[in-house]
Amino acid sequence: MGNENNNSKAKIVAVSTSPLTGTKKKNVYQGILMENYGLLGDGHADKQTNRQLSLLAIESIQKMRDLGLDVNPGDFAENITTEGIILKDLPVGTKITLGISSLLEVTQIGKECHSPCEIGRTIGNCIMPTDGIFCKVLVGGKIRVGDKLEAN
């Protein structure tokens, strides 16, 4: 795959929610993004934050699987699991289109975990600090597994 982002094949492979922040999320396969809020029904959704939505690539999850961990989309508390785009290489300010009408803006690359966070304690290692990104929802809309995404 190399170091370049290939937007033409990028897609959503999971849409995950949980009522609490910092815990594993369940793939619900589709959802509604609310402008300046986040994913409806998720604990991260909040008008007062720039971390309304979290994204993690399936390629990063696969690195953990290759180390012998039994992990799946949502296990790192990410809302959107992607395929075909290197999220951690996107600069802050990058716009990402999802599905037909949704638009995100990258606000943060990685994060500082609690020492260790619940994910790290449960799974043994958390990749969100290095590989995950956070976004603000600029334009809402329906999203679902299989939808295209493109970084602009």
Side-chain angles (χ1 to χ4, degrees), residues 3-7 10-64 71-123 125-145 147-152:
N3 289 330
E4 293 182 32
N5 280 307
N6 182 355
N7 286 326
K11 65 180 181 178
I12 297 172
V13 295
V15 177
S16 303
T17 64
S18 70
L20 302 173
T21 62
T23 60
K24 289 183 178 185
K25 296 184 185 295
K26 181 179 185 216
N27 185 3
V28 293
Y29 303 99
Q30 61 186 350
I32 298 174
L33 293 178
M34 303 292 290
E35 182 178 330
N36 196 32
Y37 184 70
L39 182 59
L40 196 61
D42 186 70
H44 275 113
D46 187 343
K47 290 183 182 216
Q48 304 303 316
T49 183
N50 283 329
R51 289 176 33 172
Q52 297 170 348
L53 199 67
S54 56
L55 288 76
L56 183 67
I58 192 73
E59 291 86 352
S60 295
I61 294 171
Q62 186 58 49
K63 286 192 282 186
M64 301 307 292
V71 290
N72 295 295
D75 284 353
F76 295 97
E78 81 278 6
N79 297 117
I80 309 291
T81 310
T82 65
E83 180 178 48
I85 189 167
I86 304 170
L87 297 171
K88 66 182 181 175
D89 289 349
L90 299 175
V92 168
T94 300
K95 306 290 192 291
I96 301 173
T97 56
L98 292 174
I100 295 170
S101 63
S102 298
L103 181 66
L104 312 177
E105 180 179 357
V106 177
T107 57
Q108 185 176 328
I109 309 297
K111 71 171 194 159
E112 196 171 317
C113 269
H114 315 290
S115 51
C117 67
E118 181 179 332
I119 306 300
R121 288 192 305 272
T122 305
I123 296 174
N125 192 7
C126 185
I127 52 180
M128 282 304 285
T130 57
D131 290 18
I133 68 169
F134 294 88
C135 298
K136 184 173 184 168
V137 180
L138 300 179
V139 178
K142 293 181 181 179
I143 58 167
R144 62 185 158 90
V145 169
D147 279 355
K148 291 186 337 177
L149 66 120
E150 184 173 347
N152 306 314

Between [Y] and [X], is there a side-chain heavy-atom distance shorter than 4.5 Å?
| X | Y | result |
| --- | --- | --- |
| T94 | N152 | no |
| L87 | T82 | yes |
| L104 | L138 | no |
| I80 | I143 | yes |
| N27 | V145 | yes |

(request) With side chain to side chain donor-acceptor pair (under 3.5 Å) as the test, would you mind laying out the steps for N79 and S16 before giving the verdict? (result) CA-CA 5 Å; N79 297 117; S16 303; over 6 Å; no
Is a donor on one side and an acceptor on the other found under 3.5 Å between the side chain of [X] and the backbone of [Y]?
| X | Y | answer |
| --- | --- | --- |
| Q62 | I58 | no |
| D147 | L98 | no |
| T97 | L103 | no |
| S54 | F134 | no |
| E59 | I61 | no |

(message) I'd like to know whether K136 forms a salt bridge (charged side-chain N to carboxylate O under 4.0 Å, His left out) with E105, so could you lay out the CA-CA distance, the side-chain angles of the two residues, the decisive distance to 0.1 Å, and finally the verdict.
(response) CA-CA 5 Å; K136 184 173 184 168; E105 180 179 357; over 6 Å; no
(request) Give a yes-or-no answer on whether the side chains of D131 and S60 include a donor-acceptor pair shorter than 3.5 Å. (result) yes
(request) Would you tell me whether T49 and Q52 have side-chain atoms, one donor and one acceptor, within less than 3.5 Å of each other? (result) no
Any chance you could measure [X], atom [atom1], to [Y], atom [atom2], to the nearest 0.5 Å?
| X | Y | atom1 | atom2 | result |
| --- | --- | --- | --- | --- |
| K88 | L55 | NZ | CG | 15.0 Å |
| H44 | L20 | NE2 | CG | 10.5 Å |
| K142 | I100 | NZ | CD1 | 9.5 Å |
| R51 | C135 | CZ | SG | 11.5 Å |

Between [X] and [Y], what is the shortest heavy-atom contact and its length?
| X | Y | answer |
| --- | --- | --- |
| T81 | P73 | OG1-CB, 3.4 Å |
| E78 | D75 | OE1-N, 4.0 Å |
| V15 | G31 | CG1-N, 4.1 Å |
| G38 | V137 | CA-CG2, 3.8 Å |
| A151 | L90 | CB-CD2, 3.8 Å |
| G84 | A10 | O-CB, 3.9 Å |

(request) For the pair K25 and D42, evaluate salt bridge (charged side-chain N to carboxylate O under 4.0 Å, His left out) and give the outcome as yes or no after the intermediate values. (result) CA-CA 9 Å; K25 296 184 185 295; D42 186 70; 2.8 Å; yes
(request) Given side chain to side chain contact (heavy atoms under 4.5 Å, CB included), test K24 with F76 step by step and report yes or no. (result) CA-CA 6 Å; K24 289 183 178 185; F76 295 97; over 6 Å; no
(message) Apply side chain to side chain contact (heavy atoms under 4.5 Å, CB included) to residues L39 and I32 and explain how you reach the verdict.
(response) CA-CA 6 Å; L39 182 59; I32 298 174; 5.8 Å; no
